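Chain letters run A, B, ... following the sequence lines, proteins first and then strands; every chain starts at 1. Remember, predicted model here, so these are calculated numbers, not experimental data.
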2 protein chains.
Amino acid sequence: MPKPTLVDVGREAGVSAITVSRALRSPEKVSETLRAKVEIAVKKLGYVPNQSASTLASNKSSSIVVMVPSISNNVFTDVLGGISDALHGSRFNMQIGYTNYDSQEEERILRSFLNPTPSGVIISGLEQTDETRQMLENAGVPVVQIMDISPKPIDMIVGFSHDQAAETATQHLIDSGYKNIGFIGAQMDPRSLKRLAGFKKAISDNGELREQCIAVTNKPSNVRLGATLLDKLTSQFPECDAVFCNNDDLSVGVLFECQRRGIKVPEELGICGFNDLGISSETVPSITSVTTPLREIGRLAGAMVIGEEGAPSTPIVDLSYTISARESTKRT
Amino acid sequence: MPKPTLVDVGREAGVSAITVSRALRSPEKVSETLRAKVEIAVKKLGYVPNQSASTLASNKSSSIVVMVPSISNNVFTDVLGGISDALHGSRFNMQIGYTNYDSQEEERILRSFLNPTPSGVIISGLEQTDETRQMLENAGVPVVQIMDISPKPIDMIVGFSHDQAAETATQHLIDSGYKNIGFIGAQMDPRSLKRLAGFKKAISDNGELREQCIAVTNKPSNVRLGATLLDKLTSQFPECDAVFCNNDDLSVGVLFECQRRGIKVPEELGICGFNDLGISSETVPSITSVTTPLREIGRLAGAMVIGEEGAPSTPIVDLSYTISARESTKRT
DNA sequence: ATCATAAATGATTGCGCAATCATTTTGCAA
DNA sequence: TTGCAAAATGATTGCGCAATCATTTATGAT
């Protein structure tokens, strides 16, 4: 038997199709008895609404488009989890696009996702192409940029300042007594570059910035890369006594490499990571990291994009970060 | 201006709407000149096909539904990455559902995802409700179960045997000279239970299985939990000299706890993890783990569900796992 | 009872596209 | 040139639903 339609349900319940539609979409607008009859008919026939037809007829889909650079990056799985939380129980579902850190790809994917128009868009970062921004503005739906912060978002934005977070973390290393601080970074996307900028600012403000204190790569980040980059850093910058890492994969990798090479942490080398992904607090010694509100970003973005009550009333939400000072920077 | 439709493009190109549709969907069926004209018109108007209308008219959507228990579990991000790889460049897109390890929730989500009928379904595990299996069979589309293995899949299946993998890993511990081997597990879903069964079998085959050698919880897994469960295990099973961990989060947590408590690995305690998620090979000492083909599962499932050439020809694909023996079990 | 008003329900139409079938044009052998 | 198959293009229709407007029924004040 073919899938039942609204007409079938109507026939079963002895009412017209449109009444069934109403009973399902706005139960408060139909009488109690009728609502009950419809419910029974729906159950009996196993009726499930056809999304496409609904979207086509009403010209609005119930999906929230989420654009992230990567799925394998733990940072974004946390954010997606937050969005998922916010959308759970609402009538909206999530449609995820992976841009692979490529603005052109982002534009391409988003273009196809915007027809039919979704109910809202959540998009990572500030670096959309002009075309993309144009599309988003024309779409006439709520748009929430996430991860970063800016005074002029496309529509709304929730995130935090990567420069400031990195600057504060670097200052923490300086305050802990380290003199020759290096920077290790992978996957140098725009937010990573901002972290580098924040690092440079803190160093410059406290003395002289030397180019050899920076070891970065554009490869995707992983634990092993932390070891590789520490090698590179210590060979080009032997007097290095602390490292600020772009993210926690790297900082963990650095710690392990220190253990292998017999470098004492925090005495001979201080280590600070970024994002505080859960393992940093568990290693021995535990690793200082910048705790960022990833899940909260997702949750707020979700709430904002669907206009949920309880969502922030301002379109710009600058969340705080905290330095979780741990053993890896505790020089006595 | 409103979004252009096929009719608009047709008018612009001086042809009928249906010809435009054909030019876009099966370019080989229209003349070269016309194809060019249509292409120009499409570019000029910025035409993007309306998915809903297309789906409604053709009664087939171009999405592949993927059901996974959780997004924050690294295991599934790897698998999703593999599926994403397989689908990239094809005309199919991915629609992801999170079941949160709940069969009823899975059934509910899947029901809504099946109308309109997608082009295929990829679903984790074997434990679907009868209703769910029924729905999937009725849908008449390719279904690929993943992660586990079974002689009678709903349609197709790609995975590996969790019992066997765990049994082999436990045997590796026995062969390494450990005498009192414990089991640590979190998030005891059906596959975890199979691993436990494999563990028990290996132990029983080599002596006597004692209940106190097992410490498990249903909480979601994380690194800290490894430490907690090691505490529990060593208090109920003090003579324990090796642990097989349900997954790598736990094994890493166990290693760190050993470092904190001054337990020598691998001399006083051997450690073996599961899934080999990338950090196990980097810790000091490195941790033995069961390397499982997560990304490959995703890639094959993707290829199988879209019937890509290069996909396996058999509906049941039992992938291999390997024991990556590392320092944490190298008793000299 | 009468009427006014609101609440409840129904009929019609079109969203944008693709399936189907109909028609026109092209290529080319005889 | 003619004829005919094959290729190219077009016209019509309906997918399932929701918006809009029309109609019926209930409610209640006088």
Side-chain angles (χ1 to χ4, degrees), chain A residues 1-39 41-42 45-63 91 111-119, chain B residues 1-39 41-42 45-63 91 111-119:
Chain A
M1 76 205 113
K3 290 183 191 171
T5 69
L6 277 181
V7 175
D8 299 323
V9 178
R11 191 180 314 118
E12 178 71 27
V15 299
S16 75
I18 184 60
T19 304
V20 175
S21 171
R22 253 193 302 252
L24 295 174
R25 287 181 300 144
S26 13
E28 75 283 0
K29 288 193 178 167
V30 303
S31 68
E32 182 56 33
T33 55
L34 197 146
R35 213 183 44 61
K37 274 196 292 185
V38 167
E39 199 171 307
V42 164
L45 298 181
Y47 170 76
V48 180
N50 184 313
Q51 275 293 333
S52 296
S54 168
T55 300
L56 183 59
S58 68
N59 193 30
K60 61 178 83 117
S61 98
S62 59
S63 62
R91 61 182 198 81
R111 192 183 301 282
S112 77
F113 279 10
L114 287 183
N115 201 3
T117 306
S119 288
Chain B
M1 74 204 116
K3 289 183 192 171
T5 69
L6 276 181
V7 175
D8 300 323
V9 178
R11 192 180 312 118
E12 178 71 27
V15 298
S16 75
I18 183 59
T19 303
V20 175
S21 171
R22 254 195 301 253
L24 295 174
R25 287 182 300 142
S26 12
E28 75 283 2
K29 288 191 178 168
V30 302
S31 68
E32 181 57 33
T33 54
L34 197 146
R35 216 183 43 61
K37 272 196 293 185
V38 167
E39 198 170 308
V42 164
L45 298 181
Y47 170 77
V48 181
N50 183 314
Q51 276 294 333
S52 296
S54 167
T55 300
L56 182 60
S58 67
N59 193 30
K60 60 177 85 116
S61 96
S62 58
S63 64
R91 62 183 197 81
R111 192 184 302 283
S112 78
F113 279 10
L114 287 183
N115 202 1
T117 307
S119 289

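At a threshold of 4.0 angstrom between heavy atoms, the contacts of Leu56(A) include nucleobase atoms, whether or not backbone atoms are also involved. Here Ile18(A) lies in heavy-atom contact (under 4.0 Å) with a base. Residue Val7(B) is classed as having no contact, given no heavy-atom separation below 4.0 Å to the nucleic acid. Using a 4.0 Å heavy-atom criterion, one finds that Asn59(B) contacts no nucleic acid atom at all. Note on Arg22(B): a base of the nucleic acid sits closer than 4.0 angstrom, heavy atoms only.
Each of Thr33(B) and Pro4(A) has a nearest nucleotide on DNA chain D; the 5'-most of these lies closest to Thr33(B).
Side-chain atoms of Thr55(A) come within 3.5 Å of backbone atoms of Gln51(A) as a donor-acceptor pair (strictly under, hydrogens ignored). With Thr5(A) contributing its side chain and Val7(A) its backbone, the two residues share a donor-acceptor pair below 3.5 Å. Not one N or O on the side chain of Asn50(B) forms a donor-acceptor pair closer than 3.5 Å with the backbone of Asn115(A). No donor-acceptor pair under 3.5 Å is formed between the side chain of Thr117(B) and the backbone N or O of Lys60(B).
Counting only heavy atoms from C-beta outward, the side chains of Pro49(A) and Ser54(A) never approach each other to under 4.5 Å. A 4.5 Å side-chain heavy-atom check between Asp8(B) and Lys3(B) finds every atom pair outside the cut-off.
If you walk DNA chain D from 5' to 3' and mark each nucleotide with an atom closer than 4.0 Å to a heavy atom of chain A, the marks span dG16(D) to dA19(D).
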